[in-house]
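Read the structure below first, then the notes.
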Amino acid sequence: MKVNFCDLQKQYNLLKTKIDSGINKVLEHGIFIDGPEIKQLEETLAGYLGVKEAITVSSGTDALYLSLLALEIKPEDFVITTPFTFIATAQVIALLRATPIFVDIEADTFNISPEKIEEFLKSPKDPISKKRISLDKIKAIIPVDLFGQCADYDQINSIAKKFNLTVIEDGAQSLGAQYKNKKALNLGDIGCTSFYPAKPLGCFGDGGAIFTNDKPLADKLRCLKNHGQEAKYSHKLLGINGRLDTIQAAILLAKWDAFINQEIALRDQIASCYIKGLQELEDKGYIVLPKIKPGNKSVWAQFSLRILNNLRDEFKDYLHSQGVPSAIHYPLPLHQQKSLAYLQYKAQDFPIAEEISKEIISLPLHPYLEKDEISYVINKIKEFFRLNVK
Ligand SMILES: *Cc1c(COP(=O)(O)O)cnc(C)c1O
């Protein structure tokens with residue numbers, strides 16, 4: 001059997017009529033930039049999240065970048081984030097010449113640890129100069145809702161309030177998730193998501209969105225994503241071209257009902273099947289299954305488990321040889337990436353992120369994975385441990 005990690009073809013075949021007609025409408029009206037589908041999508045997203053303002057943008061990365069631009073983050077500023085995420089989260093801070101400050105994660109959820117944020121803020125040091133940072137230079141926290149599970153916003157928001165920090169939720173993986181009956185992406189001051197094809201809700205190219213309840217901030221973001229333009233060829237701010245294409249908005253609108261009414265629940269059912277099927281391997285001490293905190297509802301952007309006893313790479317090779325693809329999110333924490341080496345962090349600075357990055361692996365998970373495919377993956381995993389553990 002050959003299983004797909006993520007099956008966009010199958011989804012397209014199921015939703016073909018709706019998607020094709022959505023795209024065709026755009027081809028017919030010809031308003032490829034800022035067409036009516038953009039406003040329609042923004043209203044749909046804002047209505048679902050219960051947030052006042054939704055601003056579509058060109059990618060999840062640009063959503064984060066524009067948020068920092070809107071906050072006027074300067075080179076002497078510091079922004080706190082997690083070392084265990086996709087590079088974009090920290091890259092945008094560094095691109096503005098501000099300094100990313102990493103804080104280690106929780107071992108069970110893989111999300112940034114609020115306790116460790118507080119600990120850092122008790123005696124904040126610049127990773128490069130090792131000098132004490134004055135608190136007014138620490139401007140924001142970017143928690144990431146990793147693999148579709150929200151970070152601990154009650155704790156994070158209360159720390160942010162105490163230290164006057166803006167919370168930018170990196171919800172690139174969490175559209176459709178919930179935290180204590182509140183929707184992901186409406187949990188901090190600003191929420192940023194991505195419509196990259198493989199995310200829970202993906203378009204057919206790059207795309208993203210920013211959410212906030214702050215109207216003046218939303219107006220600024222709309223201006224910044226359009227070259228800082230207030231009227232045609234009159235530019236009051238330094239901005240970028242960060243707009244979403246109308247065609248991508250039409251595709252997202254065509255996928256919306258299936259995402260909200262079916263796919264979120266299907267992802268959760270598949271994750272439950274994996275957990276049920278693999279529980280005995282956790283009980284034997286071979287693996288650690290993903291842990292969802294009480295009050296959280298993950299959207300399962302990834303089903304990522306830990307393979308213990310240094311077997312992760314062999315495990316991956318074995319699954320591959322049996323037609324089961326997998327992926328490693330992420331093999332190297334950000335403080336160990338070459339592009340961020342100038343920050344002078346060293347090995348063992350964030351021991352949990354470092355350990356998890358050696359053990360983590362993501363299994364195939366998409367809403368259209370069939371029962372027999374799930375069973376096949378589970379059986380192949382069990383077979384691996386039968387063959388490799390005495
Ligand atoms: C995918 C992702 C991004 C970037 O989104 P793009 O749309 O690919 O630019 C940022 N942060 C996280 C956590 C992501 O998973």
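Here the structure is a predicted model, which means the values were calculated and not measured. Atoms within each ligand, like the ligands themselves, are counted from 1 in listed order.
Every atom of ligand 1 with a heavy atom of T85 under 4.0 Å away is listed here by number and element: 13 (C). Listed by number with element, the atoms of ligand 1 under 4.0 angstrom from any heavy atom of S194 are 5 (O), 6 (P), 7 (O). Proximity to T89 (heavy-atom distance under 4.0 Å) selects the following atoms of ligand 1: 11 (N). For ligand 1 and G60, the ligand atoms under 4.0 Å from any heavy atom of the residue are 5 (O), 6 (P), 7 (O), 9 (O). For ligand 1, the atoms lying closer than 4.0 Å to a non-hydrogen atom of A172 are 2 (C), 3 (C), 10 (C), 11 (N), 12 (C), 14 (C), 15 (O). The contact set between ligand 1 and A88, taken as ligand atoms under 4.0 Å from a residue heavy atom, comprises 4 (C), 10 (C). With ligand atoms numbered from 1 in the order given, ligand 1 contributes 13 (C) to contacts under 4.0 Å with heavy atoms of V144.
Minimum interatomic distance between P127 and Q344 (heavy atoms only, all atoms of both residues): O-CB, 3.8 Å. Taking each heavy atom of P364 and L369 in turn, the nearest pair found is O-CD2, 3.5 Å.
A salt bridge links K39 with E43: the closest approach of a Lys/Arg side-chain nitrogen to an acidic carboxylate oxygen falls below 4.0 angstrom. A salt bridge links R306 to E355: at least one charged side-chain nitrogen sits closer than 4.0 Å to a carboxylate oxygen. Salt-bridge formation is detected for the pair K380/E383: a Lys NZ or Arg NE/NH1/NH2 atom is positioned less than 4.0 Å from an Asp or Glu carboxylate oxygen. Between E37 and K25 there is no salt bridge, since none of the side-chain N atoms of the basic residue sits less than 4.0 Å from a carboxylate O of the acidic one. With respect to the salt-bridge test (charged N to carboxylate O, under 4.0 angstrom), the residues K291 and E106 do not qualify.
Atom 11 (N) of ligand 1 has D170 OD2, 2.8 Å as its closest protein atom, hydrogens excluded (heavy atom only).
Both the backbone and the side chain of S59 come within 4.0 Å of ligand 1, counting heavy atoms alone. Of all the heavy atoms of T61, the ones lying under 4.0 Å from any atom of ligand 1 are found in both the backbone and the side chain.
Taking only non-hydrogen atoms, the option from Q173, Q91, K199 nearest to atom 2 (C) of ligand 1 is K199. Nearest to atom 3 (C) of ligand 1 by heavy-atom distance, out of F86, F84, Y330, is F86.
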Taking only distance into account, with no hydrogens and no angle test, what donor-acceptor pairs under 3.5 Å do side-chain atoms of residues 80-94 form with protein atoms, sequence neighbours excluded?
| unit_1 | atom_1 | unit_2 | atom_2 | d |
| --- | --- | --- | --- | --- |
| T81 | OG1 | I142 | O | 2.7 |
| T82 | OG1 | F84 | N | 2.8 |
| T85 | OG1 | T89 | OG1 | 2.9 |
| T89 | OG1 | F86 | O | 3.2 |
| T89 | OG1 | D170 | OD2 | 2.9 |

